[in-house]
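In what follows, chains are A, B, ... by sequence order, proteins preceding strands, each numbered from 1. Please read all numbers here as calculations on a predicted model, not as lab measurements.
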Amino acid sequence: MEERYRPGELEAKWQRRWEEQGLYRCAVDAARPKFYCLEMFPYPSGKLHMGHVRNYSIGDAVARYHRMRGFNVLHPMGWDAFGMPAENAAIARGVHPARWTWDNIARMRSQLKELGLSYDWEREVATCHPGYYRWTQWLFVLLYRRGLAYRKRAAVNWCPRCATVLANEQAEGGVCWRCGTEVVQKELEQWFFRITAHAEALREDLAQLSGWPERVRTMQENWIGRSEGVELTFRVAGTGEELAVFTTRPDTLYGVTFLALAPEHPLAARCAAADPSLAAFLAQAGGEGARERSLDKRGMPLGMRAVHPVTGEEVPLWVANYVLTGYGTGAVMGVPAHDQRDFEFARRYGLAIREVIRGEAPLGDAAYTGPGRMINSGSFDGMPSEEAWEAIADFLERRGLGRRQVQYRLRDWLVSRQRYWGVPIPIVYCPRCGTVPVPEEALPVLLPEEVRFTGEGPSPLVEAAGFVQTTCPSCGGPARRETDTMDTFICSSWYYFRYVSPRDAARPFDRDEAAYWLPVDQYIGGIEHAVLHLLYSRFITKVLRDEGWTDVAEPFRNLLTQGMVIKDGAKMSKSKGNVVSPEEIVARHGADTARLFILFAAPPEKDLEWSDRAVEGAARFLQRVWRLVQGMKDQPSAATGGEELLRAAHRTVRRVSEDVERFSFNTAVAAIMELVNAAYAYREAGGDRAPAVDRSLELLTLLLAPFVPHLAEELWEALGHEESVHLAAWPAYDPDLVREATVEVAVQVDGKLRDRLQLPPGLHTQEMERRALASEKVRHALGGKPVRRVVAVPDRLVNIVTG
RNA sequence: GCGGGCGUGGCGGAACCGGUAGACGCGUGGGACUUAGGAUCCCAUGGGUAUCCCGUGAGAGUUCGAAUCUCUCCGCCCGCACCA
């Protein structure tokens, strides 16, 4: 017998063998059901953290379980390898981003391999590899040809710290998603993806995603932000110029006392030409970040008036910092009585407030936004406001003054970045032909390696003359390359397709392979991508579907969002100094212990509190399992005995199977611990080795396989098996063996527990009642009181209710 | 402010459909083995004025029966926050 469980040697041994045997390689097999198990690929920062370990331990348990269940499992891993940290390292330390990134990948790959995760490493992809980004460029050109990639000048989010623009999703709450710096608005010409073209489908298809957490679906729904309203036209008094506004409250039309324009509105700019103080206001308000703007509502009159389309009344035109450009028409009706923002603005500047919907009480010290009865609204007076909504919309449409419209909060995806370490946008500007996409056969547009990193001025690509100067793919004349690179979220928006045929040099991915493997059956990652990566991926999938590359409308059928790893009440982070390094834990206790602890300590979707003590407990448990199996396997075997233990093992098979199906790994592990305790109790009571005991130990080992793959493999071998435990079938339980000989039935008197009876299962309720009433303790508790009623739940309890 | 989630022993957490609250682990106490042990094994471990009573943030309600359902309140966490 092997003396002691030594995870270090044992884990290295099995990792080597698995790799030699190609145990986790997979290929299309139409005869077997497939299971695509995917965890969000990491950014190669160079160091694995506990969040990764958690993410990948969960994914590996899911993958291994399904493999044993007979599924053909695709379980790949790769690198989201473009992005700013590499470039910052180049600036700070003079290391080339490519070198830095590839070194980090090498380091993290070996850290991942030490965890013994069942990846098909032959499918590894890195988004910074030309063999990958060539197809990211192809994707860009595809979108361009479909009219979904376009360039426009617009007010965009600019992060001064990162020195680049950001998409809306990446500037939530007015701060940069990466560094937390407050973003400012800048007017720049940039590339966009027309994600809004799919706004309705992205919203509607959320309903199909029953395998996603409600929370994530709600976040996406809010982000897309569909609203129904009316776009109507006012005319500027005197000039007759048209001014469109969008409102979701046509029922408040008669309450308009002013119109408010965004600072970026063209009409405001024109007025400013003759008004320096207005110009100053616009310049200031326009540059404000979202956070500053939210501080208070400010504005200026434009000195013009607009004509109310229905009443003919003239109302003043204002510019207001709370009106957003880029949503609706950038101009709104000011209805102070029924919109809180307009109310505050009107109060501040002394504008009229006209009540047109009467709720329970007359207008008080705030806007009334609820329903009510129409007043001060001409022929609509007296109508319920919900009815008036439709009536006024109809009226405006009939008179040609407005049209019903659906608006989305979602904006187009700003995809260009003024950075070096990213995918070059495959576009050439030709003085004769204009904007020309690089043809597919000329891809990839390689990212030049010989560039200078100063950390100042524009992106190094701008100064790379050999890169910028090119010839036009269309006319052959001299032309200039686009020097912006792509948002790295484009790289990660299609990687799950690339895994199906990662080395295909002729196409982004093989359609047949994709038809077999997609969609991803289980996707696992952090909640932080609820509206970023997960929304972009859904969009790109729809584009590929429209282009005929796939039939799936949604890439991720089921989504599990795992919680954070916490220590001392805070997320593990360098700045907090509460980081526990996975490398250290693996070196001290082994990967199996680390994985077991992580799965056992908390349900996957909840935050996990790190505890060194509990890690030791996990290590102790594995030692205990080791001693149990190693200590029994060579004993002489009796002919019979251990039948109760085998029954317990079958019950454990049932529990673990059910728990794993619902991702309740912590209770699955607890059930296995109980089985081990039962085995110890059996041995303590003098039980010998016997066929039933051997089978129990086998079942135990099979149940452990998804969680602690190395130890399970070693024990499986010790139990005399030649083929890997990971190729074994997940055990089925025998229904006869899991049936209990007796069940414990609780007996209550007036809802209070008074006795517990051991009864044969399946007893009739009358018989249960009879036996409950016969109980000494029950009679004592009743104390002669009359029984009014008896409630009996088969195999569970009897409740005796007294008068 | 709006939307969502969560409050269970000293700690992490169980209790899946309204049916025996506290599985499993950590910690703690005790015992065994031992030259010794921080190794290992076993036992105990919600609280109390203990044949009984109280206990799932607080209070009410529904029910034979509530951690679980409903309402009010308190606390914590997350998301959104001028989208007209």
Non-neighbouring partners of [X] that pass side-chain hydrogen bond (donor to acceptor under 3.5 Å, both in side chains), sequence neighbours left out:
X	answer
W177(A)	none
D755(A)	S775(A)
D612(A)	W610(A)

Using the 3.5 Å cut-off, write out each protein N or O paired with an N or O of nucleotides 46-50 of chain B and the distance between them.
none

### Message
Could you tell me if E661(A) and Y65(A) have a donor-acceptor pair between their side chains, going purely by distance under 3.5 Å?
### Response
yes
Side chains of R624(A) and N677(A): do they bring a donor and an acceptor to under 3.5 Å?
->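 Result is yes, a qualifying pair exists.
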Verify the contact: side-chain N or O of [X] to OP1 or OP2 of [N], cut-off strictly under 4.0 Å; return yes or no.
X	N	result
N666(A)	A14(B)	yes
H780(A)	C52(B)	yes
S227(A)	A84(B)	yes

Between the protein and nucleotides 3-8 of chain B, which nitrogen or oxygen pairs come in under 3.5 angstrom?
none

message: Please classify the nucleic acid contact of V801(A) as base, sugar-phosphate, or nothing, using heavy-atom distances under 4.0 Å.
response: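 The answer is sugar-phosphate, as V801(A) gets under 4.0 Å only of primed atoms, P, OP1 or OP2.
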Applying a 4.0 Å non-hydrogen cut-off, can you work out what T247(A) is touching in the nucleic acid: base, sugar-phosphate, or nothing?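 Sugar-phosphate, backbone atoms only, no base.
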**Asked** What pairs with Q766(A) under side chain to side chain contact (heavy atoms under 4.5 Å, CB included), at least two apart in sequence or on another chain?
**Response**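 With sequence neighbours excluded, Q766(A) shows a side chain to side chain contact (heavy atoms under 4.5 Å, CB included) to H764(A), given in chain and number order.
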Interface polar pairs with nucleotides 37-41 of chain B, N/O, under 3.5 angstrom:
from	atom 1	to	atom 2	distance (Å)
U40(B)	O3'	R627(A)	NH2	2.9
C41(B)	OP1	R624(A)	NH1	3.0
C41(B)	OP1	R627(A)	NH2	2.9
C41(B)	O2'	E684(A)	OE1	3.4

Side chain to side chain donor-acceptor pair (under 3.5 Å) pairs touching residues 787-802 of chain A, sequence neighbours excluded, are D750(A)-T802(A)
Per the under-4.0 Å heavy-atom filter, residues of residues 757-770 of chain A near RNA chain B come out as none
Could you write out each protein N or O paired with an N or O of nucleotides 16-20 of chain B at a distance under 3.5 Å?
from	atom 1	to	atom 2	distance (Å)
G19(B)	O2'	R796(A)	NE	3.0
U20(B)	O2	E744(A)	OE1	3.4
U20(B)	O2	R756(A)	NH1	2.2
U20(B)	N3	E744(A)	OE1	2.6
U20(B)	O4	E744(A)	O	2.8

Please output the side-chain donor-acceptor pairs of residues 668-676 of chain A that fall under 3.5 Å, not counting sequence neighbours, one pair per line with the distance.
from	atom 1	to	atom 2	distance (Å)
E674(A)	OE2	R655(A)	NH1	3.4
E674(A)	OE2	R655(A)	NH2	3.0

**OP:** Decide if the gap between the ring center of Y322(A) and the ring center of F345(A) is smaller than 6.0 angstrom.
**Re:** yes
Polar atom pairs (N or O), protein with nucleotides 59-61 of chain B, under 3.5 Å:
none

